[in-house]
Amino acid sequence: MAPTSLEEALALRAERGDEATVLAGGTFLGILMNQGFLAPTAFLWLGSVSELREMSVVDGELRLGAMVTHRRVEREAAPGWPVLARAFGLVASPRVRNVATVGGVLADADYASDPPAMLAALGARAVLRSPRGDRSVTVGELILGYYETCIEADELLVEVRVPAQPERATYRKFRSRSSEDRPCAAVAAVNGQDGLRVVVGAVAETPQDFPDLCEGEPAEIGARYAERIEPLSDARGSGHYRRRVIAAEVRRAVEAVL
Ligand SMILES: Cc1cc2nc3c(=O)[nH]c(=O)nc-3n(C[C@H](O)[C@H](O)[C@H](O)COP(=O)(O)OP(=O)(O)OC[C@H]3O[C@@H](n4cnc5c(N)ncnc54)[C@H](O)[C@@H]3O)c2cc1C
């Protein structure tokens, strides 16, 4: 199914629910299908819905339609949101960034993605829409666990809203294998009016965000994050290794924004 308006897409989503797999850029779904983990019988493709490709600034807030590609965020968000442009620009290769979407990277809830930690640190909210209405959720509320979100079977993620970026903000991606790889650990840090916020991605099933640990010297904050997080082990590093990376990378990120 290839709806050409958002209204039509929402109606099809409500009618078919999870029986029709929502397809955005296909970079995540393609891998799962090639590996035999998924065998969808129907797709609801959002590529012809122009409303979902809109990108604008409204009252100082960046609004990214769900079908805006990583490449566009990398290129067009830089004037006001350079740190977001950087986080999206560090994903994979241009070939992937040309098709991977803002909605797809949040809805796939892959623990090893770059953008979710940065979006969480900036206080972004995702708008979920269904015939029942809209709801706006934080990244922490959206991503519930490994590949699991709070998106209901009749809902589409339609937009992501990002508040103004404070001047002091950074994104650090630590890769342990190739330069195009996903992160072994990623740290997004923002120091704005509400104080310091540090979110660590790719080390546990959801982005790790602990406002209560953000007082003190950079090295102390790094040590506390390393102690609080229960890091996972995967091909990019063991939990033990990740703990050491977290301490160093959080310290460096906090030094950069203080
Ligand atoms: C070679 C390669 C390297 C990669 N390296 C990195 C990396 O370094 N860093 C990184 O962060 N990521 C990386 N990725 C992951 C990539 O960023 C994601 O696959 C991509 O963001 C997913 O977006 P998509 O539009 O392709 O989603 P799709 O594959 O189309 O969909 C992903 C999931 O989201 C659902 N979905 C999509 N849009 C919506 C919507 N609007 N509403 C509700 N549900 C929706 C789909 O049903 C599906 O479950 C890599 C991927 C590849 C293939």
Side-chain angles (χ1 to χ4, degrees), residues 1-3 6 9-10 12-14 16-35 37-38 40-49 51-54 64-74 84 86-120 126-130 134-135 137 139 142-143 146-160 171-186 188 201-202 207 235-236:
M1 291 169 281
L6 185 53
L10 288 163
L12 285 167
R13 174 74 169 152
R16 304 292 290 264
D18 285 338
E19 181 201 318
T21 301
V22 177
L23 176 63
T27 59
F28 172 82
L29 288 175
I31 290 176
L32 293 191
M33 289 167 60
N34 287 345
Q35 292 182 343
F37 290 124
L38 274 184
T41 50
F43 285 114
L44 175 58
W45 184 53
L46 302 179
S48 298
V49 180
E51 294 104 305
L52 294 178
R53 286 199 301 271
E54 285 168 13
L64 301 167
M67 289 300 288
V68 168
T69 61
H70 286 33
R71 192 69 163 156
R72 276 188 69 203
V73 181
E74 175 188 0
L84 194 64
R86 177 176 154 77
F88 274 87
L90 286 171
V91 171
S93 59
R95 214 174 150 201
V96 172
R97 296 198 294 278
N98 274 331
V99 287
T101 64
V102 169
V105 75
L106 286 173
D108 74 15
D110 193 311
Y111 72 91
S113 291
D114 290 279
M118 192 68 251
L119 287 166
V127 179
L128 308 179
R129 187 168 297 166
S130 73
D134 277 11
R135 58 188 180 119
V137 295
V139 174
L142 178 76
I143 300 179
Y146 290 114
Y147 310 105
E148 193 188 345
T149 67
C150 72
I151 303 174
E152 299 286 347
D154 62 349
E155 282 178 322
L156 286 176
L157 194 163
V158 292
E159 190 174 69
V160 176
Y171 182 71
R172 296 186 60 89
K173 174 171 184 171
F174 181 86
R175 303 175 187 87
S176 52
R177 304 191 305 186
S178 78
S179 63
E180 287 191 353
D181 198 15
R182 284 166 173 269
C184 164
R236 295 180 193 87

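Both backbone and side-chain heavy atoms feed into the values below; hydrogens, waters and symmetry mates do not. Atoms within a ligand are numbered from 1 in the order they appear, just like the ligands themselves.
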Heavy-atom check, side chain of [X] versus side chain of [Y], under 4.5 Å:
X: His70; Y: Val96; answer: no
X: Cys150; Y: Leu128; answer: yes
X: Arg13; Y: Leu46; answer: no
X: Arg71; Y: Pro94; answer: yes
X: Thr69; Y: Asn98; answer: no
X: Asp110; Y: Tyr147; answer: yes
X: Pro115; Y: Val91; answer: yes

Ligand 1 N/O within reach of [X] N/O, cut-off under 3.5 Å:
X: Pro183; value: no
X: Gly25; value: yes
X: Phe28; value: yes
X: Gly30; value: no
X: Thr101; value: yes

Nearest-contact summary for [atom] - protein heavy atom, Å:
atom: atom 47 (O) of ligand 1; answer: Val22 O, 2.6 Å
atom: atom 33 (C) of ligand 1; answer: Asp108 CB, 3.7 Å
atom: atom 27 (O) of ligand 1; answer: Gly104 CA, 3.6 Å
atom: atom 6 (C) of ligand 1; answer: Arg182 CG, 3.5 Å
atom: atom 49 (O) of ligand 1; answer: Leu29 CD2, 4.0 Å
atom: atom 38 (N) of ligand 1; answer: Ala24 CB, 3.6 Å
atom: atom 3 (C) of ligand 1; answer: Ala92 CB, 3.4 Å
atom: atom 11 (O) of ligand 1; answer: Asp114 N, 2.6 Å

Can you list the ligand 1 atoms lying under 4.0 Å from a non-hydrogen atom of [X]?
X: Asp181; answer: 8 (O)
X: Val105; answer: 21 (O), 22 (C), 23 (O)
X: Ile31; answer: 53 (C)
X: Ser113; answer: 10 (C), 11 (O)
X: Leu46; answer: 41 (N)
X: Pro115; answer: 11 (O)

Within-shell test, [X] vs ligand 1, heavy atom, strictly < 4.0 Å:
X: Leu52; value: no
X: Lys173; value: yes
X: His70; value: yes

Give the minimum heavy-atom separation between Tyr171 and Ala188, together with the two atoms involved.
CD1-CB, 4.0 Å
Of the listed options (Ala107, Ala66, Gly103), which comes nearest to atom 34 (O) of ligand 1 when hydrogens are ignored and any heavy atom counts?
Ala107
Whether Arg172 and Asp114 form a salt bridge (side-chain N of Lys/Arg under 4.0 Å from carboxylate O of Asp/Glu) is what I want to check.
no
[Y] backbone acceptor or donor facing [X] side chain under 3.5 Å:
X: Arg236; Y: Arg177; result: no
X: Thr149; Y: Leu142; result: no
X: Arg135; Y: Val127; result: no
X: Arg53; Y: Gly47; result: yes

Taking only residues two or more places apart in sequence or in another chain, which ones pass salt bridge (charged side-chain N to carboxylate O under 4.0 Å, His left out) with Asp134?
Arg129
